[in-house]
Protein chains: 2
Amino acid sequence: MAFRHPDRDQIRIEDVLSALGNGVRLSVVRVLDAGGEHNCTSVLNTLGITAKSTMTHHWRVLRDSGVIRQQPSGRENLLLLRREDLDARYPGLLDAILSGARADEALERGDRSP
Amino acid sequence: MAFRHPDRDQIRIEDVLSALGNGVRLSVVRVLDAGGEHNCTSVLNTLGITAKSTMTHHWRVLRDSGVIRQQPSGRENLLLLRREDLDARYPGLLDAILSGARADEALERGDRSP
DNA sequence: GCGATTGTTCGACAATCGGAGTACAGTAGG
DNA sequence: CCTACTGTACTCCGATTGTCGAACAATCGC
């Protein structure tokens with residue numbers, strides 16, 4: 001199963017933003033950013049529930065927008081955050097978004113010390 | 001006409017990203033960031049066409065997500081980018097997005113020197 | 001007050017989105 | 001080979017999105 005990923009130069013910020021403008025997908029990126037090797041089910045489990053077919057839909061959005069890379073390996077699909085490409089095209093964007101997401105979560109939990 | 005704007009602490013990055021994950025709205029923010037006083041029609045004219053009612057829809061999305069402030073003044077609505085609030089909540093985000101949008105545009109025009 | 005300007009509200013519409021179930025394909029391991 | 005596992009493809013559904021025209025409200029200038 002060969003997936004079509006956009007080249008670095010084909011990534012558009014509009015697509016990246018709308019891809020990440022969704023709670024589930026933003027969480028996925030946060031999980032991938034946290035490190036470790038991930039396949040579809042590992043992320044799916046980390047995030048709680050959600051049907052496989054639903055996630056396949058989100059993988060496609062994230063893949064098409066250039067946020068993640070999906071690498072078939074055996075019977076799994078390894079999921080990789082395309083940090084280098086994103087940092088090259090949009091310096092500081094990913095970090096700002098990830099910090100922002102963490103800050104939002106802290107604020108929603110009512111934390112006083114972020 | 002009193003608009004309901006979210007407080008700084010009510011802004012959520014997910015909403016900001018999905019608001020800006022749209023070409024028209026991203027352009028609006030770029031126009032507002034460029035400076036100068038703007039009302040609805042001035043932005044509408046800068047952007048080319050588009051019906052008034054369509055823009056009213058986009059204003060609402062931008063307003064609800066906390067990206068812009070809409071300030072009634074006489075028979076106009078002044079439009080303001082909430083840069084201070086966004087910078088406070090998400091340092092570097094707005095600049096990264098705006099630079100990214102400019103870079104995308106340059107790349108699409110085929111510029112060699114951004 | 002009258003007409004022009006500014007922008008919202010409302011309703012309609014097609015298109016897309018997010019979610020899910022089922023079926024299917026490829027691989028690994030016994 | 002047969003079964004379990006991983007994940008996609010396909011299809012369906014309701015909700016949301018983006019666009020627009022028409023009607024309305026408020027304000028300004030005359």
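What you see below is based on every heavy atom in this structure, not just the backbone, and it leaves out hydrogens, waters and symmetry mates. The sequence lines fix the lettering, A, B, ..., with proteins before strands; numbering per chain opens at 1.
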If you check the [X] side chain, which of [options] turns out closest?
| X | options | answer |
| --- | --- | --- |
| B:Thr56 | D:dT27, D:dT6, C:dT8 | C:dT8 |
| B:Arg60 | C:dT9, C:dT5, C:dT8 | C:dT9 |
| A:Phe3 | D:dT8, C:dT6, C:dT8 | D:dT8 |

[X] side chain near [N] phosphate (N/O to OP1/OP2, under 4.0 Å):
| X | N | answer |
| --- | --- | --- |
| B:Asn77 | C:dT8 | yes |
| B:Thr41 | C:dT5 | no |
| A:Asn39 | D:dT6 | no |

Next on the checklist: Could you check whether any side-chain heavy atom of A:Ser42 comes within less than 4.5 Å of a side-chain heavy atom of A:Glu37, counting everything from C-beta outward?
Outcome noted: no
Checklist entry - Would a distance-only check, ignoring hydrogens and angles, find a side-chain to backbone donor-acceptor pair under 3.5 Å from A:Arg12 to A:Asp9? => result yes
Rounded to whole Å, how long is the line connecting atom [atom1] of [X] with atom [atom2] of [N]?
| X | N | atom1 | atom2 | value |
| --- | --- | --- | --- | --- |
| A:Leu17 | C:dC17 | CG | P | 15 Å |
| B:Gln70 | D:dA26 | CD | P | 17 Å |
| B:Leu44 | C:dG7 | CG | C1' | 10 Å |
| B:His38 | C:dT6 | NE2 | P | 15 Å |

Checklist outcome for this item: Sorted by chain and number, sequence neighbours left out, side-chain contact (heavy atoms from CB on, under 4.5 Å) with B:Thr50 holds for B:Thr54, B:Met55
Could you tell me which residues satisfy side-chain hydrogen bond (donor to acceptor under 3.5 Å, both in side chains) with [X], sequence neighbours excluded, listed by chain and number?
| X | result |
| --- | --- |
| A:Thr41 | A:Asn39 |
| A:His5 | none |
| A:Asp33 | A:Arg83 |

Show each protein N/O and nucleotides 18-25 of chain D N/O combination with a separation under 3.5 Å, one pair to a line.
{"residue": "D:dG18", "atom": "OP1", "partner": "B:Asn22", "partner atom": "ND2", "Å": "3.3"}
{"residue": "D:dG18", "atom": "OP1", "partner": "B:Arg25", "partner atom": "NH2", "Å": "3.2"}
{"residue": "D:dG18", "atom": "OP2", "partner": "B:Arg25", "partner atom": "NH1", "Å": "3.2"}
{"residue": "D:dG18", "atom": "OP2", "partner": "B:His57", "partner atom": "NE2", "Å": "3.3"}
{"residue": "D:dT19", "atom": "OP2", "partner": "B:His58", "partner atom": "NE2", "Å": "2.6"}
{"residue": "D:dC20", "atom": "OP2", "partner": "B:Thr54", "partner atom": "OG1", "Å": "3.3"}
{"residue": "D:dG21", "atom": "N7", "partner": "B:Ser53", "partner atom": "OG", "Å": "3.1"}
{"residue": "D:dG21", "atom": "O6", "partner": "B:Ser53", "partner atom": "OG", "Å": "2.9"}

Checklist outcome for this item: Walking DNA chain C from its 5' end, the first of A:Ser73 and B:Trp59 to be reached, judged by nearest nucleotide, is B:Trp59
Next on the checklist: Using the salt bridge (charged side-chain N to carboxylate O under 4.0 Å, His left out) criterion, which residues pair with A:Arg60? Sequence neighbours excluded.
Outcome noted: none
